[in-house]
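Here's the structure, in C-alpha coordinates; my notes come after.
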Amino acid sequence: MKLSQADFQERRDRLAEQMGPNSIAIIATSPEVMRNGDADYKFRPDSSFFYLTGFAEPEAVAVIETDETSQNYTYSLFCRERNREMEIWNGYRAGIDGAIDDYDADEAYAIDLLDEEIIAKILNKEKVFYRIGQRADFDAKLSAWTKKANDAGRGFGVPTTFMQLDQILNEMRVFKSAKEIELMQIASNISAEAHTRAMQKVRPEMMEYALEAELNYIFGQNGCVPSYNSIVGGGENACILHYVENNKPLKDGDLVLIDAACEYEYYASDITRTFPVNGKFSPEQKALYQVVLDAQIAAIDAVQIGHSYKEPHNVAVRILVQGLLDLGLMQGDLEQIIESESYRKSYMHGTGHLLGMDVHDVGAYKDENGQWRAYEAGMVVTVEPGLYIAPDDESVDEKWRGIGIRIEDDIVATENGPLILTKNVVKSIEDIEALMAQSK
Ligand code: GLY
Ligand code: MN
Ligand code: MN
(Lines give C-alpha, C1' and ligand atoms only; values in the text may rest on other atoms or scores of the structure.)
(Ligands and ions follow the chains in the order given, each with its own letter.)
Protein backbone atom coordinates (compact mmCIF):
# COMPACT_ATOMS: atom_id res chain seq x y z
CA MET A 1 0.00 0.00 0.00
CA LYS A 2 1.23 3.44 -0.95
CA LEU A 3 -0.37 6.85 -1.20
CA SER A 4 -1.20 7.88 -4.76
CA GLN A 5 -0.54 11.17 -6.51
CA ALA A 6 -4.26 11.93 -6.06
CA ASP A 7 -3.74 11.81 -2.27
CA PHE A 8 -0.87 14.28 -2.42
CA GLN A 9 -2.84 16.53 -4.75
CA GLU A 10 -5.81 16.56 -2.42
CA ARG A 11 -3.49 17.81 0.36
CA ARG A 12 -2.17 20.59 -1.89
CA ASP A 13 -5.77 21.54 -2.72
CA ARG A 14 -6.58 21.88 0.96
CA LEU A 15 -3.44 23.88 1.65
CA ALA A 16 -4.10 26.27 -1.27
CA GLU A 17 -7.65 26.80 -0.07
CA GLN A 18 -6.43 27.83 3.36
CA MET A 19 -3.74 30.16 1.97
CA GLY A 20 -6.29 32.48 0.35
CA PRO A 21 -5.74 34.60 -2.79
CA ASN A 22 -2.46 36.04 -4.07
CA SER A 23 -0.29 33.91 -1.85
CA ILE A 24 2.77 31.74 -2.22
CA ALA A 25 3.94 28.82 -0.07
CA ILE A 26 7.54 27.67 -0.26
CA ILE A 27 8.67 24.43 1.37
CA ALA A 28 12.00 22.62 1.14
CA THR A 29 12.82 19.01 1.86
CA SER A 30 15.45 18.01 4.45
CA PRO A 31 19.13 18.70 3.81
CA GLU A 32 21.41 15.73 3.26
CA VAL A 33 23.46 15.10 6.40
CA MET A 34 27.03 13.82 6.38
CA ARG A 35 27.95 11.11 8.88
CA ASN A 36 31.68 11.52 8.42
CA GLY A 37 34.20 11.76 5.59
CA ASP A 38 32.47 10.89 2.35
CA ALA A 39 29.66 8.92 4.03
CA ASP A 40 26.24 10.45 4.51
CA TYR A 41 23.25 9.35 6.60
CA LYS A 42 20.59 7.65 4.52
CA PHE A 43 18.40 10.44 3.19
CA ARG A 44 14.92 10.79 4.65
CA PRO A 45 12.67 13.49 3.14
CA ASP A 46 11.17 16.12 5.37
CA SER A 47 7.79 14.87 6.57
CA SER A 48 5.75 17.97 5.66
CA PHE A 49 7.46 18.27 2.27
CA PHE A 50 6.73 14.62 1.50
CA TYR A 51 3.19 15.03 2.85
CA LEU A 52 2.50 17.59 0.11
CA THR A 53 4.50 16.11 -2.75
CA GLY A 54 5.20 12.39 -2.37
CA PHE A 55 8.67 13.32 -3.64
CA ALA A 56 11.47 11.53 -1.78
CA GLU A 57 14.63 12.83 -3.51
CA PRO A 58 16.98 15.25 -1.77
CA GLU A 59 17.52 18.85 -2.98
CA ALA A 60 13.91 19.71 -3.72
CA VAL A 61 11.64 22.67 -3.05
CA ALA A 62 7.88 22.84 -3.65
CA VAL A 63 6.10 26.10 -4.42
CA ILE A 64 2.36 26.65 -4.39
CA GLU A 65 0.97 29.92 -5.78
CA THR A 66 -2.65 30.93 -5.56
CA ASP A 67 -4.12 33.44 -8.01
CA GLU A 68 -6.12 36.55 -7.19
CA THR A 69 -9.41 34.65 -7.14
CA SER A 70 -8.06 31.82 -5.00
CA GLN A 71 -9.90 29.43 -7.34
CA ASN A 72 -6.72 28.18 -8.94
CA TYR A 73 -3.22 27.47 -7.86
CA THR A 74 0.01 26.46 -9.52
CA TYR A 75 2.27 23.77 -8.09
CA SER A 76 5.95 23.99 -9.01
CA LEU A 77 8.63 21.50 -8.09
CA PHE A 78 12.30 22.46 -8.08
CA CYS A 79 14.42 19.31 -8.19
CA ARG A 80 17.68 17.82 -9.43
CA GLU A 81 17.98 17.55 -13.20
CA ARG A 82 18.66 14.18 -14.73
CA ASN A 83 22.38 13.66 -15.22
CA ARG A 84 23.75 10.43 -16.60
CA GLU A 85 27.04 10.58 -14.76
CA MET A 86 25.55 11.59 -11.40
CA GLU A 87 22.93 8.86 -11.76
CA ILE A 88 25.61 6.24 -12.37
CA TRP A 89 27.28 7.32 -9.11
CA ASN A 90 24.33 8.21 -6.91
CA GLY A 91 21.16 6.68 -8.27
CA TYR A 92 18.05 7.49 -10.19
CA ARG A 93 16.57 11.00 -10.44
CA ALA A 94 13.06 11.91 -11.58
CA GLY A 95 14.32 15.06 -13.28
CA ILE A 96 12.21 17.85 -14.74
CA ASP A 97 10.06 15.59 -16.94
CA GLY A 98 9.52 13.13 -14.09
CA ALA A 99 8.42 15.96 -11.76
CA ILE A 100 5.67 16.80 -14.23
CA ASP A 101 4.74 13.34 -15.49
CA ASP A 102 5.08 11.31 -12.29
CA TYR A 103 4.61 13.88 -9.53
CA ASP A 104 1.91 16.02 -11.13
CA ALA A 105 3.81 19.32 -10.93
CA ASP A 106 2.34 22.07 -13.15
CA GLU A 107 5.81 23.53 -13.55
CA ALA A 108 9.20 21.99 -12.84
CA TYR A 109 12.63 23.60 -12.69
CA ALA A 110 16.18 22.61 -11.96
CA ILE A 111 16.95 23.23 -8.30
CA ASP A 112 19.94 25.32 -9.42
CA LEU A 113 17.46 27.85 -10.86
CA LEU A 114 15.58 28.36 -7.59
CA ASP A 115 17.21 31.69 -6.63
CA GLU A 116 16.49 33.03 -10.11
CA GLU A 117 12.94 31.76 -10.69
CA ILE A 118 11.54 32.37 -7.24
CA ILE A 119 11.78 36.19 -7.54
CA ALA A 120 9.16 36.34 -10.29
CA LYS A 121 6.95 34.05 -8.24
CA ILE A 122 7.20 36.17 -5.10
CA LEU A 123 6.52 39.42 -6.98
CA ASN A 124 2.86 40.47 -6.92
CA LYS A 125 1.98 38.11 -4.09
CA GLU A 126 0.54 39.53 -0.89
CA LYS A 127 1.40 36.71 1.49
CA VAL A 128 4.35 34.37 1.75
CA PHE A 129 3.84 31.14 3.72
CA TYR A 130 7.02 29.42 4.80
CA ARG A 131 8.33 27.51 7.78
CA ILE A 132 9.60 30.48 9.76
CA GLY A 133 12.58 29.59 11.92
CA GLN A 134 12.76 25.95 10.89
CA ARG A 135 16.06 26.24 9.03
CA ALA A 136 18.38 29.23 9.44
CA ASP A 137 19.74 28.85 5.88
CA PHE A 138 16.23 28.96 4.46
CA ASP A 139 15.28 32.00 6.58
CA ALA A 140 18.34 33.76 5.17
CA LYS A 141 17.45 32.72 1.63
CA LEU A 142 13.92 34.03 1.96
CA SER A 143 15.19 37.36 3.27
CA ALA A 144 17.51 37.61 0.28
CA TRP A 145 14.71 36.71 -2.18
CA THR A 146 12.39 39.28 -0.61
CA LYS A 147 15.04 41.95 -0.91
CA LYS A 148 15.60 41.05 -4.55
CA ALA A 149 11.87 41.10 -5.25
CA ASN A 150 11.67 44.46 -3.50
CA ASP A 151 14.46 45.83 -5.65
CA ALA A 152 12.96 44.34 -8.82
CA GLY A 153 9.50 45.72 -8.05
CA ARG A 154 10.94 48.99 -6.76
CA GLY A 155 8.98 48.41 -3.60
CA PHE A 156 5.79 47.78 -5.53
CA GLY A 157 3.94 44.47 -5.74
CA VAL A 158 6.01 42.78 -3.07
CA PRO A 159 4.59 40.67 -0.25
CA THR A 160 3.66 42.42 2.95
CA THR A 161 2.73 39.46 5.10
CA PHE A 162 4.84 36.49 6.14
CA MET A 163 2.93 33.56 7.58
CA GLN A 164 3.91 30.43 9.50
CA LEU A 165 3.22 27.63 7.01
CA ASP A 166 3.62 25.02 9.76
CA GLN A 167 0.51 26.31 11.47
CA ILE A 168 -1.63 25.09 8.56
CA LEU A 169 0.37 21.97 7.70
CA ASN A 170 0.75 20.74 11.27
CA GLU A 171 -2.99 20.96 11.87
CA MET A 172 -3.67 19.10 8.61
CA ARG A 173 -1.26 16.37 9.68
CA VAL A 174 -2.98 15.87 13.05
CA PHE A 175 -5.96 14.20 11.36
CA LYS A 176 -5.17 10.95 9.60
CA SER A 177 -7.18 9.75 6.61
CA ALA A 178 -8.30 6.12 6.31
CA LYS A 179 -5.32 5.48 4.02
CA GLU A 180 -2.85 7.01 6.47
CA ILE A 181 -4.27 4.83 9.23
CA GLU A 182 -3.84 1.83 6.94
CA LEU A 183 -0.13 2.71 6.55
CA MET A 184 0.23 3.15 10.31
CA GLN A 185 -1.48 -0.21 10.80
CA ILE A 186 1.12 -1.83 8.54
CA ALA A 187 3.97 -0.12 10.45
CA SER A 188 2.38 -1.30 13.70
CA ASN A 189 1.97 -4.89 12.49
CA ILE A 190 5.63 -5.10 11.44
CA SER A 191 6.76 -3.54 14.73
CA ALA A 192 4.53 -5.92 16.71
CA GLU A 193 6.09 -8.85 14.85
CA ALA A 194 9.54 -7.52 15.77
CA HIS A 195 8.63 -7.32 19.47
CA THR A 196 7.17 -10.83 19.34
CA ARG A 197 10.42 -12.10 17.83
CA ALA A 198 12.41 -10.34 20.57
CA MET A 199 10.33 -12.10 23.25
CA GLN A 200 10.99 -15.42 21.51
CA LYS A 201 14.72 -14.89 20.98
CA VAL A 202 15.86 -13.36 24.26
CA ARG A 203 18.11 -15.47 26.49
CA PRO A 204 20.13 -14.66 29.64
CA GLU A 205 23.63 -13.31 28.81
CA MET A 206 22.57 -12.19 25.34
CA MET A 207 23.84 -8.66 24.60
CA GLU A 208 21.26 -5.88 24.37
CA TYR A 209 22.48 -5.08 20.84
CA ALA A 210 21.99 -8.69 19.79
CA LEU A 211 18.35 -8.43 20.83
CA GLU A 212 18.12 -5.12 18.94
CA ALA A 213 19.39 -7.02 15.89
CA GLU A 214 16.40 -9.37 16.13
CA LEU A 215 14.08 -6.35 15.85
CA ASN A 216 16.10 -4.91 12.97
CA TYR A 217 15.83 -8.24 11.17
CA ILE A 218 12.05 -7.94 11.00
CA PHE A 219 12.17 -4.25 10.07
CA GLY A 220 14.68 -4.95 7.31
CA GLN A 221 12.82 -7.98 5.96
CA ASN A 222 9.85 -5.66 5.44
CA GLY A 223 11.83 -2.88 3.78
CA CYS A 224 11.49 -0.65 6.83
CA VAL A 225 13.82 1.36 9.04
CA PRO A 226 13.38 2.19 12.73
CA SER A 227 11.24 5.28 13.27
CA TYR A 228 13.60 6.33 16.13
CA ASN A 229 16.68 4.93 17.84
CA SER A 230 15.76 1.63 19.47
CA ILE A 231 15.95 1.37 23.25
CA VAL A 232 16.87 -2.09 24.56
CA GLY A 233 17.51 -1.73 28.27
CA GLY A 234 18.08 -4.68 30.55
CA GLY A 235 17.61 -4.38 34.35
CA GLU A 236 18.25 -0.89 35.68
CA ASN A 237 19.06 0.41 32.17
CA ALA A 238 15.28 0.48 31.75
CA CYS A 239 15.22 3.38 34.23
CA ILE A 240 17.18 5.54 31.74
CA LEU A 241 14.38 6.89 29.57
CA HIS A 242 16.43 7.39 26.41
CA TYR A 243 18.95 4.57 26.87
CA VAL A 244 20.26 3.80 23.38
CA GLU A 245 23.76 2.39 24.06
CA ASN A 246 22.25 -1.12 24.10
CA ASN A 247 25.67 -2.58 24.88
CA LYS A 248 25.28 -4.52 28.12
CA PRO A 249 24.53 -8.21 28.71
CA LEU A 250 20.96 -9.15 29.64
CA LYS A 251 20.85 -10.85 33.01
CA ASP A 252 18.89 -13.81 34.25
CA GLY A 253 16.22 -12.50 36.63
CA ASP A 254 16.09 -9.00 35.11
CA LEU A 255 13.43 -7.44 32.94
CA VAL A 256 14.28 -5.97 29.56
CA LEU A 257 12.49 -2.87 28.28
CA ILE A 258 12.30 -2.50 24.49
CA ASP A 259 11.03 0.76 23.01
CA ALA A 260 11.43 0.23 19.27
CA ALA A 261 9.34 0.38 16.11
CA CYS A 262 9.62 1.04 12.40
CA GLU A 263 8.23 3.46 9.86
CA TYR A 264 6.43 2.27 6.76
CA GLU A 265 6.06 4.61 3.79
CA TYR A 266 7.12 7.46 6.13
CA TYR A 267 4.50 6.65 8.78
CA ALA A 268 5.76 5.73 12.23
CA SER A 269 4.85 3.18 14.81
CA ASP A 270 6.03 3.42 18.44
CA ILE A 271 5.87 0.37 20.73
CA THR A 272 7.27 -0.46 24.15
CA ARG A 273 7.14 -3.83 25.82
CA THR A 274 8.85 -4.96 29.02
CA PHE A 275 9.38 -8.65 29.71
CA PRO A 276 11.54 -11.02 31.78
CA VAL A 277 14.87 -12.08 30.25
CA ASN A 278 14.35 -15.63 31.52
CA GLY A 279 10.66 -15.80 30.60
CA LYS A 280 9.20 -15.64 34.14
CA PHE A 281 8.32 -12.47 36.08
CA SER A 282 9.53 -12.36 39.71
CA PRO A 283 6.84 -11.48 42.31
CA GLU A 284 8.03 -7.83 42.51
CA GLN A 285 8.27 -7.49 38.72
CA LYS A 286 4.83 -9.03 38.38
CA ALA A 287 3.26 -6.69 40.95
CA LEU A 288 4.75 -3.54 39.45
CA TYR A 289 4.06 -4.67 35.87
CA GLN A 290 0.39 -5.26 36.64
CA VAL A 291 0.06 -1.71 38.00
CA VAL A 292 1.52 -0.27 34.79
CA LEU A 293 -0.66 -2.52 32.65
CA ASP A 294 -3.82 -1.56 34.54
CA ALA A 295 -2.89 2.12 34.13
CA GLN A 296 -2.22 1.63 30.42
CA ILE A 297 -5.48 -0.20 29.71
CA ALA A 298 -7.52 2.43 31.57
CA ALA A 299 -5.62 5.28 29.84
CA ILE A 300 -6.26 3.75 26.40
CA ASP A 301 -9.95 3.63 27.24
CA ALA A 302 -9.84 7.38 27.91
CA VAL A 303 -8.86 8.12 24.29
CA GLN A 304 -12.44 8.99 23.44
CA ILE A 305 -13.73 11.63 21.08
CA GLY A 306 -14.56 14.77 23.06
CA HIS A 307 -12.31 13.88 26.00
CA SER A 308 -9.43 16.18 26.86
CA TYR A 309 -6.06 15.21 25.42
CA LYS A 310 -4.77 15.08 28.99
CA GLU A 311 -7.33 12.63 30.31
CA PRO A 312 -5.37 9.42 29.61
CA HIS A 313 -2.45 10.91 31.56
CA ASN A 314 -4.65 11.82 34.52
CA VAL A 315 -6.24 8.37 34.51
CA ALA A 316 -2.82 6.67 34.32
CA VAL A 317 -1.28 8.77 37.09
CA ARG A 318 -4.09 7.96 39.51
CA ILE A 319 -3.71 4.20 38.98
CA LEU A 320 0.09 4.31 39.11
CA VAL A 321 0.11 6.27 42.35
CA GLN A 322 -2.52 4.02 43.94
CA GLY A 323 -0.37 1.04 42.91
CA LEU A 324 2.76 2.57 44.47
CA LEU A 325 0.81 3.18 47.68
CA ASP A 326 -0.64 -0.35 47.72
CA LEU A 327 2.80 -1.89 47.24
CA GLY A 328 4.36 0.29 49.94
CA LEU A 329 6.60 2.09 47.49
CA MET A 330 5.14 5.46 48.45
CA GLN A 331 3.48 6.69 51.58
CA GLY A 332 0.90 9.42 52.01
CA ASP A 333 -2.37 10.62 50.63
CA LEU A 334 -3.32 9.79 47.01
CA GLU A 335 -4.75 13.23 46.21
CA GLN A 336 -1.86 15.03 47.84
CA ILE A 337 0.72 12.96 45.95
CA ILE A 338 -1.06 13.68 42.65
CA GLU A 339 -1.42 17.37 43.48
CA SER A 340 2.24 17.81 44.49
CA GLU A 341 3.46 15.55 41.67
CA SER A 342 5.78 13.83 44.12
CA TYR A 343 5.16 10.64 42.10
CA ARG A 344 7.43 12.12 39.43
CA LYS A 345 10.49 10.44 40.92
CA SER A 346 8.99 7.15 39.66
CA TYR A 347 6.92 8.46 36.73
CA MET A 348 8.57 11.49 35.18
CA HIS A 349 7.26 11.54 31.60
CA GLY A 350 3.94 12.20 29.89
CA THR A 351 1.58 9.37 29.00
CA GLY A 352 1.79 9.86 25.25
CA HIS A 353 2.14 12.09 22.24
CA LEU A 354 0.72 12.59 18.79
CA LEU A 355 2.02 10.01 16.30
CA GLY A 356 2.19 10.16 12.52
CA MET A 357 4.93 10.77 9.97
CA ASP A 358 7.14 11.86 12.88
CA VAL A 359 7.27 9.69 15.97
CA HIS A 360 6.64 12.76 18.10
CA ASP A 361 4.29 14.14 15.53
CA VAL A 362 3.51 17.77 14.76
CA GLY A 363 0.33 19.46 15.94
CA ALA A 364 -0.75 21.70 18.79
CA TYR A 365 -1.68 20.02 22.06
CA LYS A 366 -3.52 23.10 23.31
CA ASP A 367 -6.02 25.44 21.70
CA GLU A 368 -5.75 29.21 21.29
CA ASN A 369 -7.03 29.66 24.87
CA GLY A 370 -4.32 27.45 26.29
CA GLN A 371 -6.74 24.59 26.99
CA TRP A 372 -5.85 20.99 26.16
CA ARG A 373 -7.44 20.07 22.84
CA ALA A 374 -10.10 17.36 22.76
CA TYR A 375 -9.76 14.10 20.85
CA GLU A 376 -11.35 14.13 17.40
CA ALA A 377 -11.76 11.26 14.97
CA GLY A 378 -8.55 10.44 13.11
CA MET A 379 -6.13 11.66 15.76
CA VAL A 380 -3.44 9.08 16.56
CA VAL A 381 -1.61 9.05 19.88
CA THR A 382 0.57 6.77 21.93
CA VAL A 383 -0.39 5.64 25.43
CA GLU A 384 2.79 4.79 27.34
CA PRO A 385 2.71 4.88 31.12
CA GLY A 386 5.64 3.47 33.06
CA LEU A 387 7.19 3.11 36.48
CA TYR A 388 10.89 3.46 37.15
CA ILE A 389 12.28 2.64 40.59
CA ALA A 390 15.71 4.24 40.69
CA PRO A 391 18.56 1.81 41.52
CA ASP A 392 19.69 4.17 44.30
CA ASP A 393 16.22 4.89 45.77
CA GLU A 394 16.85 4.14 49.43
CA SER A 395 13.29 5.05 50.37
CA VAL A 396 12.12 1.67 49.04
CA ASP A 397 13.02 -1.89 49.95
CA GLU A 398 16.03 -3.14 48.00
CA LYS A 399 14.00 -5.77 46.15
CA TRP A 400 12.22 -3.05 44.14
CA ARG A 401 15.26 -1.01 43.14
CA GLY A 402 16.28 -0.82 39.50
CA ILE A 403 13.00 -2.11 38.10
CA GLY A 404 11.88 -0.09 35.08
CA ILE A 405 8.67 -0.83 33.19
CA ARG A 406 6.89 0.92 30.32
CA ILE A 407 4.10 -0.37 28.09
CA GLU A 408 3.29 1.60 24.94
CA ASP A 409 0.64 1.18 22.26
CA ASP A 410 -0.55 3.32 19.33
CA ILE A 411 -4.17 4.38 19.40
CA VAL A 412 -6.56 5.98 16.87
CA ALA A 413 -9.48 8.00 18.22
CA THR A 414 -12.57 6.81 16.33
CA GLU A 415 -16.34 7.21 16.52
CA ASN A 416 -16.40 3.65 17.88
CA GLY A 417 -13.87 4.32 20.63
CA PRO A 418 -10.12 3.74 20.77
CA LEU A 419 -8.65 1.57 17.99
CA ILE A 420 -5.39 -0.10 19.09
CA LEU A 421 -3.03 -0.41 16.10
CA THR A 422 -0.39 -2.36 18.03
CA LYS A 423 -2.48 -5.13 19.55
CA ASN A 424 -0.60 -7.89 17.68
CA VAL A 425 2.07 -8.05 20.37
CA VAL A 426 1.02 -9.54 23.70
CA LYS A 427 1.22 -7.54 26.92
CA SER A 428 -0.55 -9.43 29.73
CA ILE A 429 1.70 -11.31 32.16
CA GLU A 430 0.08 -14.65 31.27
CA ASP A 431 0.35 -14.09 27.52
CA ILE A 432 3.99 -12.96 27.70
CA GLU A 433 4.99 -15.92 29.88
CA ALA A 434 3.07 -18.35 27.64
CA LEU A 435 4.70 -17.00 24.46
CA MET A 436 8.15 -17.12 26.01
CA ALA A 437 7.63 -20.63 27.40
CA GLN A 438 6.77 -21.88 23.88
CA SER A 439 10.06 -20.60 22.49
CA LYS A 440 12.37 -22.09 25.10
N1 GLY B 1 10.02 6.09 21.42
C2 GLY B 1 9.87 7.42 21.84
C3 GLY B 1 8.70 7.60 22.66
O4 GLY B 1 8.13 6.63 23.12
O5 GLY B 1 8.23 8.68 22.84
MN1 MN C 1 6.17 7.20 22.40
MN1 MN D 1 8.32 4.69 22.34
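Since we're looking at a predicted model, the values are computed, not measured. Indexing begins at 1, ligand by ligand and atom by atom, following the structure's order.
Between Tyr365 and Trp372, the ring-plane angle classifies as perpendicular under the 30° and 60° cut-offs.
Protein N/O/S atoms nearer than 2.8 Å to the Mn ion (ligand 3) total 4.
Each of the atoms 4 (O) of ligand 1 lies under 4.0 Å from some heavy atom of Glu408. Each of the atoms 1 (N) of ligand 1 lies under 4.0 Å from some heavy atom of Tyr228.
Without hydrogens or angle criteria, Arg344 side chain to Met348 main chain gives a donor-acceptor distance under 3.5 Å. A side-chain donor-acceptor contact under 3.5 Å links Asp139 to the backbone of Gly133. Remark: side-chain polar atoms of Asp301 are not paired, donor with acceptor, to backbone N or O of Ile297 under 3.5 angstrom. Side chain of Ser439 to backbone of Met436: a donor-acceptor contact under 3.5 angstrom is found.
The shortest heavy-atom distance from Asp259 to ligand 1 is under 4.0 Å. Using a non-hydrogen distance threshold of 4.0 Å, His360 registers as a contact of ligand 1.
Residue Tyr103 comes nearest to Thr53 through the heavy atom pair CD2-O, 3.9 Å, listed as atom of the first residue, atom of the second, then distance.
Look at Lys345 and Asp393 and you find a salt bridge, because one of the NZ, NE, NH1 or NH2 atoms lies within 4.0 Å of a carboxylate O, short of that distance.
Between Trp145 and Phe138, the gap from one ring centroid to the other is short of 6.0 Å.
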key: Steps toward side chain to side chain donor-acceptor pair (under 3.5 Å) verdict (His353, Tyr309)   = CA-CA 9 Å; His353 48 83; Tyr309 171 78; over 6 Å; no
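Ranking protein heavy atoms by distance to atom 3 (C) of ligand 1, first place goes to Asp270 OD2, 3.3 Å.
In terms of distance to the Mn ion (ligand 2), the nearest N, O or S atom of His353 is named NE2.
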